[in-house]
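Data first, discussion second: the structure below is written as structure tokens.
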Amino acid sequence: MLRYIVKRIIGVIPTLIIVVTFVFFFVRMIPGDPARLVAGPQATLEDVEVIREELGLNEPIPKQYVEYVTGLLHGDLGDSLRTKRPVALEVSLRYMNTVKLTVFSLVWSVIVGVLLGVWSGKHRSKWQDYTGMTLAISGISMPSFWIGFLLIMVFAVNLNWFPTTGADSWKSFVLPGIALGTSIAAIIARFTRSSIIEVMKEDYIRTARAKGLREKTVIWKHAFRNAMISVVTVVGLQFGFLLGGSVVTESVFAFPGLGSLLVESVNYRDYNAIQSLILIFSLHFIVINLVVDILYALLNPEIKLS
Amino acid sequence: MAKDKVLTEKTDVNTPFKDFVRKFKKQKTALVALAFIIMLVILSFISYQIAPYGINEYDYTAIMQGPSAAHWFGTDEFGRDLFSRIICGTRISLSVGLFSVSIAAICGTVLGLLGGYYGGFLDSCIMRVCDVLFAFPGIILAIAIIAILGSGMTNVVIAVAVFSTPTFARLVRSTTLATKGNVFVQAAKNIGDSDARILFRHILPSAIPNIIVQYTMSIGTSILTASSLSFLGMGAQPPTPEWGLLLSNGRTYMMTSWHITLFPGLAIFFTVLCFNLLGDGLRDALDPKLSD
């Protein structure tokens, strides 16, 4: 087991290196002169020179690369062109908000998604199944920003239960969390349903029933546990969608997180911030996928054989 | 030899394709969804002719009106008819979805076939690139690409195509790996078929069903992503009647005019829902595990 974990961790290293390299070349791939683009059409030649210096574009590429990687290893992400403060500082101010938001969304969507999936799966082809799966496919097809607006209109504007923007109290997390988690809950529900249906065909379920176990025990102790093994992988993959979805949802709610920071940075052409945020998002995604893979191996004894 | 093959395929009544059509016809929801998609496609061609008002027809006497007999979906802050703008937006969303996913499907299929068939260094390279593209959450990658190329619908199409490509590449690669050991591939090799012919005439057909399902599902996702990007101001620019942009415009007036945000969202929801239902139906018709 330990060997598998070590092997998986080592396997991630090449991807990490390529991702860092990609992000490094990111600013340098902008067609034309990035410094001129950042400075804007009215900027003087001196201004452009200053920005070129700030972006570190004067040095030869290999030297820039080494400096960039050394900086990263020291936690130095460069300065934001917009606020003139270190990007690391900007990120740290908002980091926990996004973490709280995504974790909250993931927790509720896993609970709701799994329950809905089990409910649909065990009543296969009955009204419960149709209701559950109609809800699920609707959840997948709705744009999250639209859900966000509907929630704001009903619960913030009309009922005044929750604030429309900000991240000041737990109340601020409820509406964005719901908007962000809906499609994830729907995906998890669909997946749970099909793996429950798959598991229910197994011999050990027939044995459990033949033993005269109550249906509740059959579902939760036998079917559910085995169905969960594959659901874990899907939940892990959804984390990527959560990180991506946070960009849109945070913009709807003017929520001070990393996603809205990314949008602001793109609108301002703050390339230092953009490249750092893209790196942060993908590093989280890689690490989460790694954790999920390992978790999956721990849960599923079959994988050890291969 | 080749002639014989065609003959047997034609005389065999139980070809996988006919099997698939028979099963697909049982998927009532998917058939309805397909009918709606066909209607949307037709609408996208004739929307400008049938729209009751022009998409940029200002009417300052009818600003921000709610739905009425004259304006079914109400009007926006310039008195433009929202219904006309939304039905004209069909063309934009559908073409973004179709273009981006078609590019992704073609590129991904070719890469998957090459990687799976030749293996070795080429395969490692292709799969490594896919890994890296998979290391970014989809929309983040799209935003990165737009940050490089600039905003606009063409760049949205490119961005969505880039992040959808690896899915197709992996899908086709795995089918290629499973198929290339078959006797018929060996036979084609022995009679001296070129590699291109083997790849496209003998291996590709077995990947087609999976590609079709993935294609349909991806269109829904790509329409959602494109509208999200427009919503964020990175896609279509005003006064284009793109649905995501209409929605984003509505947020300013959310407190007073709910209809400006409600209807464009419904349009996106309905279109994506149709593609997802169709994709589900196609998958169920193709998946032998669910056929009982």
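Hydrogens, waters and symmetry mates play no part in the numbers below; they use all other heavy atoms, side chains included. Below, read A as the first sequence line, B as the second, and so on, with proteins coming before strands; counting in each chain starts at 1.
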Check whether [X] gets within reach of chain B through its side chain, its backbone, both or neither, counting any heavy atom under 4.5 Å.
X: Asn267(A); answer: side chain
X: Ser265(A); answer: neither
X: Val157(A); answer: side chain
X: Leu150(A); answer: side chain
X: Leu262(A); answer: side chain
X: Val247(A); answer: both

Determine whether more than 12 heavy atoms belonging to other residues, nucleotides or ligands lie under 6.0 Å from atom [atom1] of [X].
X: Phe36(B); atom1: CZ; result: no
X: Tyr95(A); atom1: OH; result: no
X: Phe99(B); atom1: CZ; result: no

Sorted by number, residues from [range] in contact with chain A (heavy atoms, under 4.5 Å):
range: residues 217-230 of chain B; result: Met217(B), Leu224(B), Ser227(B), Ser228(B)
range: residues 268-278 of chain B; result: Ile268(B), Phe269(B), Val272(B), Leu273(B), Asn276(B), Leu277(B)
range: residues 88-97 of chain B; result: none

Note: Ser251(A) and Arg251(B) closest approach over all heavy atoms is O-NH1, 3.4 Å
Trp146(A) and Thr261(B) have their tightest heavy-atom pair at NE1-O, 3.2 Å
Ranked by heavy-atom pairs below 4.5 Å to chain A, first place among Leu266(B), Leu141(B), Ile143(B) goes to Leu266(B)
Counting heavy-atom pairs under 4.5 angstrom with chain B, the leader among Gly259(A), Gly244(A), Ser144(A) is Gly244(A)
Greatest number of non-hydrogen atom pairs under 4.5 angstrom with chain B, of Leu16(A), Val23(A), Ile140(A), falls to Ile140(A)
Once rounded to the nearest 0.5 Å, what's the spacing between atom [atom1] of [X] and atom [atom2] of [Y]?
X: Ile286(A); Y: Asp131(B); atom1: CD1; atom2: CG; result: 9.5 Å
X: Ile148(B); Y: Gln275(A); atom1: CD1; atom2: CD; result: 10.5 Å
X: Ile260(B); Y: Phe149(A); atom1: CD1; atom2: CZ; result: 11.5 Å
X: Leu133(B); Y: Ser282(A); atom1: CG; atom2: OG; result: 11.5 Å

Those residues at least two apart in sequence (or on a different chain) that pass side-chain hydrogen bond (donor to acceptor under 3.5 Å, both in side chains) with Asp123(B) are Arg173(B)
Side chain to side chain contact (heavy atoms under 4.5 Å, CB included) test vs Ile140(B) passes for just one of Leu277(A), Ile278(A), Leu243(A), namely Ile278(A)
**Prompt:** Is a side-chain donor or acceptor of Tyr271(A) paired with a backbone partner of Ala147(B) at a separation under 3.5 angstrom?
**Reply:** yes
Closer than 3.5 angstrom, by distance alone: can the side chain of Trp258(B) be matched with the main-chain N or O of Met153(A) as a donor-acceptor pair? no
Is there side-chain contact between Phe136(B) and Val19(A), with at least one heavy-atom pair below 4.5 Å? yes
Practice item. Specify whether Phe145(A) and Phe231(B) have parallel, tilted or perpendicular ring planes, treating 30° as the upper limit for parallel and 60° as the lower limit for perpendicular. Key: parallel
inquiry  = Please tell me whether Phe285(A) and Phe134(B) form a close aromatic pair, meaning their ring centres lie under 6.0 Å apart.
reply    = no
